[in-house]
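First up is the structure itself, then whatever we jot down about it.
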Amino acid sequence: MKKLYLASKNQGKIEEYKKLLLDVNCELLLQPESMEVEENGITFRENAIKKAREVSKSMRNYAIADDSGICIDALDGKPGIYSSRYAENDKKRIERVLTELDGKENRSAFFIANICVCSPNGDVILESEAKCLGNIIFKPRGNSGFGYDPIFEELSSKLTFAEMNNDLKDLFSHRGQALKKIIPQLLKIFA
Ligand code: ITT
């Protein structure tokens, strides 16, 4: 069975990928805890490529990474690529966003995920991007998920990601949708 390294240290993402990749016939492994990839790109795409490339080259195996984040219209797209660095933990990141949106009527936002898969020699072999539209609510709702999930209300269901079960989040989410687009190719590579 071919190995696929998940180039991520985010436990929330890791749990989602374990489920999303269940049908792919690979041995899913995590990047070594000691390995740091500097996210100094200026786009989600650049950072996704960098993470997948560095891990694939160093592990000499296939690697998958995503760079993702939440972009809020009233904050000119922030936190965007800085979503994970917006404050020191999830609670403080949520507090910062809610404070910055205080008094603003426009609460529209989207989550975006850029996925990249690299071959064992570091070549980009698959890329995918998807967005999920919604609004930032005034107070967190729900207990599932991670990151900004409790304050992001998905547009059509009116549920926050933190109120959705795993299957529902995968159906609507930026990550679930971006991965779905490349599942046929992944099934072939790892047949
Ligand atoms: P890795 O780079 O190790 O994968 P990271 O957390 O640094 O972990 P990113 O640079 O891609 O990953 O930052 C993504 C941030 O965007 C993440 O830390 C969350 O704050 C937020 N985020 C992305 N997807 C999310 C989701 O599905 N639900 C909630 N927040 C999400």
Side-chain angles (χ1 to χ4, degrees), residues 4-21 28-56 58 63-72 75 77-98 109-118 127-137 140-154 157 159-180:
L4 175 61
Y5 277 85
L6 182 51
S8 177
K9 289 191 182 176
N10 179 316
Q11 203 52 46
K13 273 191 201 180
I14 293 170
E15 292 311 319
E16 290 189 7
Y17 275 104
K18 280 187 188 162
K19 178 168 173 293
L20 288 166
L21 291 167
L28 191 63
L29 298 162
L30 298 181
Q31 77 176 71
E33 196 48 47
S34 58
M35 192 176 166
E36 287 289 343
V37 180
E38 202 194 344
E39 292 183 36
N40 53 6
I42 55 162
T43 61
F44 290 105
R45 178 168 180 259
E46 269 179 59
N47 283 333
I49 292 175
K50 195 154 191 274
K51 288 188 257 191
R53 179 169 280 147
E54 288 190 24
V55 171
S56 65
S58 131
I64 184 167
D66 85 45
D67 202 55
S68 47
I70 191 163
C71 302
I72 301 172
L75 303 180
K78 283 194 291 181
I81 59 166
Y82 302 105
S83 293
S84 64
R85 295 165 267 178
Y86 217 44
E88 64 187 274
N89 57 44
D90 282 347
K91 189 167 175 278
K92 290 190 175 161
R93 289 190 268 271
I94 285 179
E95 277 167 14
R96 178 168 175 192
V97 162
L98 292 181
F110 61 87
F111 264 116
I112 181 166
N114 236 281
I115 298 182
C116 176
V117 179
C118 281
E127 287 190 75
S128 184
E129 183 188 279
K131 286 179 187 175
C132 176
L133 305 183
N135 286 294
I136 304 298
I137 54 172
R141 280 196 335 246
N143 299 308
S144 310
F146 68 98
Y148 299 89
D149 281 350
I151 54 165
F152 180 79
E153 186 187 79
E154 191 276 324
S157 64
L159 295 172
T160 67
F161 274 171
E163 291 175 310
M164 295 184 179
N165 63 27
N166 297 343
D167 286 342
L168 205 56
K169 182 175 175 191
D170 289 346
L171 188 70
F172 284 111
S173 82
H174 47 312
R175 185 167 300 103
Q177 293 188 62
L179 195 69
K180 200 170 158 195

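Order of listing sets the numbers, starting from 1, for every ligand and every atom in it. Predicted model only: the values in this text are computed from it and were never measured.
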Salt bridge check, [Y] against [X]: does any charged N sit closer than 4.0 Å to a carboxylate O?
X      : Y      : answer
Glu15  : Lys19  : no
Asp67  : Arg45  : no
Lys50  : Glu54  : yes
Lys169 : Glu154 : no

Near [X], which atoms of ligand 1 are under 4.0 Å from a heavy atom of that residue?
X      : answer
Ser8   : 1 (P), 3 (O), 4 (O)
Gly147 : 29 (C), 30 (N)
Gly69  : 16 (O)
Lys51  : 1 (P), 2 (O), 4 (O), 9 (P), 10 (O), 11 (O), 12 (O)
Glu39  : 2 (O), 7 (O), 10 (O)
Ser83  : 15 (C), 16 (O), 20 (O)
Ser84  : 6 (O), 7 (O), 10 (O), 13 (O), 15 (C), 18 (O)
Lys169 : 26 (C), 27 (O), 28 (N)

Heavy atom of [X] under 4.0 Å from ligand 1?
X      : result
Ser173 : no
Phe161 : no
Asp66  : yes

Next on the checklist: Set out, in order, the CA-CA distance, both residues' side-chain angles and the distance that settles side chain to side chain donor-acceptor pair (under 3.5 Å) for Asn114 and Glu129, then state yes or no.
Outcome noted: CA-CA 4 Å; Asn114 236 281; Glu129 183 188 279; 2.9 Å; yes
Q) Who are the side chain to side chain contact (heavy atoms under 4.5 Å, CB included) partners of Ala7, not counting sequence neighbours? A)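 Ala7 satisfies side chain to side chain contact (heavy atoms under 4.5 Å, CB included) with Gln31, Lys51, Val55, Ala65 only.
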Minimum distance, heavy atoms only, to atom 28 (N) of ligand 1: which one of Asp67, Asn47, Asp149, Asp170 is it?
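Shortest heavy-atom distance from atom 28 (N) of ligand 1: Asp149.
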- Could you check which of Arg85, Glu16, Lys13 puts a non-hydrogen atom nearest to atom 12 (O) of ligand 1?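 The residue whose heavy atom sits nearest atom 12 (O) of ligand 1 is Lys13.
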Requested in this report: Rounded to the nearest 0.5 Å, what's the gap from CG on Leu20 to CG on Asp170? Could you check?
Outcome: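 Answer rounded to 0.5 Å: 4.0 Å.
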Inset, instruction - With sequence neighbours left out, write down each residue that passes salt bridge (charged side-chain N to carboxylate O under 4.0 Å, His left out) with Asp66, or none if nothing qualifies. - result: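 Result, salt bridge (charged side-chain N to carboxylate O under 4.0 Å, His left out) vs Asp66: Lys13, Arg175.
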* Is the NZ or CZ atom of Arg93 both under 6.0 Å from the centre of the six-membered ring of Tyr86 and within 45° of that ring's axis? ->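 Output no; distance or angle outside limits.
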message = If I apply the N/O under 3.5 Å rule, does Asn10 come out as touching ligand 1?
response =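 Yes; the residue has a nitrogen or oxygen that sits under 3.5 Å from a nitrogen or oxygen of the ligand.
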Before we go on, tell me: are the rings of Phe111 and Phe161 under 6.0 Å apart, centre to centre?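 For Phe111 and Phe161, the ring centres are under 6.0 Å apart.
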Handout entry: Mode of Phe111 contact toward ligand 1 - side chain, backbone, both, neither (heavy atoms, under 4.0 Å)
Key =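 It is the side chain that touches ligand 1; the backbone stays farther off.
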